[in-house]
Amino acid sequence: MEALEEQLSHLHLARRCAVKDKQTYVVDIDLSKPTEGENDEKIAILCSNKSVQLYDKGTMTFIREYNGHPGVLSEVKFSHSNRLILSSACSDGTVKSWDTRVSGTDAIQIFTGYPSNAFISFDISCNDFVVCAGTEKVEEDAFLVFWDARYNSENKSARQDPLGVYAESHFDDITKVCFHPTNPSMVASGSTDGLVNVFNISKDNEDDALDSTCNSDSSVSSLGWAGKDSNQIFCLTHDEGFYWWDLAQIDTNKPITLSKIQDVREEFGMHNVDYLIGGIYHKKEDTLFLVGGSHSGNVNLLKCSNDGVKHLKTLHGGHSATIRSFYWDFGDDSLLTGGEDAQLLIWKQESQGASPLKKDSMKIASSVQQRVRVHNKKSYRTK
């Protein structure tokens, strides 16, 4: 751990590029896996102008753009097993996938929802078999929609209808969906209703599938998996809170909450932490990190442990406005960040890059609703 902290202390701005449309925000980032023996990773960024843009990581040069979505986009992700397939979700009720070797707006797969669906979150299972997307609340309903994601190359631009939906476990916008990193049957979802639900989708119905529910007592903005066996869940909230739970302790007498901060702005005000962007679990170091920022463009790195959350490093001189997205590349422990200044940056250790750059350069029957209530005083609930 000390070695990693030492590496993080030497992060500096190694490369930057202004995105194609200088008036857009960089709201999400993903990175493709490299070809074996090659250094050919591609960066995908989700832009506020309803486009997905592709860049070469090595040179930070623009490659191509995909803009076949008429609505607001939410998240961008590469396939786990096919580095050439890139997907994003949209408020028009679709999730689209593109072949990154081809320019244009034609998608190779279109996962269509139901007429009222407006997707604001999605994820792909670790074996690439299932896509799941979360919707905005419409009237009294918020849905998790599922599709068979297996790609049929002989059926170009095939529209995929849903396998089914979960509709009784959340009561407001589903802001985040996150599959387990190694178990394709497990998926977590977070919502503005304050709940973080964990499902085992191999079960026959939503009621049986709901494995556990944690309550943040706030509006969930982001979540992820952590721990050596990936049996921990953490979430961030829209009022800058942080909650970290150990699901392995739910059926024991031990506390489930590993750490909790109601407002990181109060906790780390002296470091100008104005907001949290997200979190990432570093498996090699068995450590959960949080990434935050300041409205002036600084990046803050925080380390989580059972003893609390510790500020590690502030990265200066990169962005000039609020940071909206990041990606941690475990291949070289570099950090990619994107913000409201239309800048895409790479931070590396000093030994990895050049000297620091100048700034110029349908429903499923369930009884869950009777068992789970929003903002229950108990912070978690399970069967």
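Side chains are part of it too, since the values below use all heavy atoms of this structure and drop only hydrogens, waters and symmetry mates. Just so we're clear, the structure is a prediction, and the values are computed from it rather than from any experiment.
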Q: Are Tyr114 and Trp147 near enough that their ring centres are under 6.0 Å apart?
A: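 No: the rings miss the under 6.0 Å criterion.
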
Q: Side chains of Tyr275 and Ile323, heavy atoms from C-beta outward: is any pair under 4.5 Å?
A: yes

Q: Could you please spell out the steps behind the ring-ring contact (aromatic ring centres under 6.0 Å, His included) verdict for Trp347 and Tyr327?
A: CA-CA 11 Å; Trp347 307 81; Tyr327 183 91; over 10 Å; no

Q: Which is it for Tyr166 and Phe199 under the ring-ring contact (aromatic ring centres under 6.0 Å, His included) test, yes or no, and what are the steps along the way?
A: CA-CA 10 Å; Tyr166 289 169; Phe199 300 94; 5.0 Å; yes

Q: Got a sec: does the NZ of Lys260 have more than 12 other heavy atoms crowding it under 6.0 Å?
A: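 Count not over threshold, so no.
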
Q: Does one side chain, of Ser121 or Ser74, offer a donor that lies under 3.5 Å from an acceptor on the other?
A: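 Side chains of Ser121 and Ser74: no pair found under 3.5 Å.
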
Q: Under a plain distance cut-off of 3.5 Å, with no hydrogens placed, do Ser81 and Asp128 share a side-chain donor-acceptor pair?
A: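 Distance-only check passes for Asp128 and Ser81.
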
Q: Would Glu206 and Ser169 count as having a side-chain donor-acceptor pair, cut-off 3.5 Å?
A: yes

Q: Only one of Leu46, Val76, Val72, Leu73 passes side chain to side chain contact (heavy atoms under 4.5 Å, CB included) with Val27; say which it is.
A: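 That would be Leu46; it is the only one of Leu46, Val76, Val72, Leu73 passing the side chain to side chain contact (heavy atoms under 4.5 Å, CB included) with Val27.
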
Q: My understanding is that only one of Asp30, Asp329, Asp40 makes a salt bridge (Lys or Arg N to Asp or Glu O under 4.0 Å) with Lys57; could you say which?
A: Asp329

Q: Within the 4.5 Å heavy-atom criterion, are Ile29 and Leu344 side-chain neighbours or not?
A: yes

Q: Side chains of Trp328 and Asp333 only: does a donor on one sit below 3.5 Å from an acceptor on the other?
A: yes

Q: Pairing donors with acceptors under 3.5 angstrom, does anything connect the side chains of Asn298 and His271?
A: no

Q: Under 3.5 Å, is there a donor-acceptor pair linking the side chains of Ser218 and Ser216?
A: no

Q: Can you tell if the side chain of Thr237 reaches within under 4.5 Å of the side chain of Ser219, non-hydrogen atoms only?
A: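 A side-chain contact under 4.5 Å is absent here.
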
Q: What verdict does the salt bridge (Lys or Arg N to Asp or Glu O under 4.0 Å) test give for Arg324 and Glu340, after you've listed the backbone C-alpha separation in whole Å, the side-chain angles of each residue and the deciding distance to 0.1 Å?
A: CA-CA 7 Å; Arg324 300 286 295 269; Glu340 295 185 3; 3.2 Å; yes

Q: Examine the side chains of His170 and Ser189 and answer whether a donor and an acceptor come within less than 3.5 Å of each other.
A: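 Ser189 and His170 do have a side-chain donor-acceptor pair below 3.5 Å.
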
Q: Answer yes or no: does atom CD of Glu65 have more than 12 heavy-atom neighbours from other residues, nucleotides or ligands under 6.0 Å?
A: yes

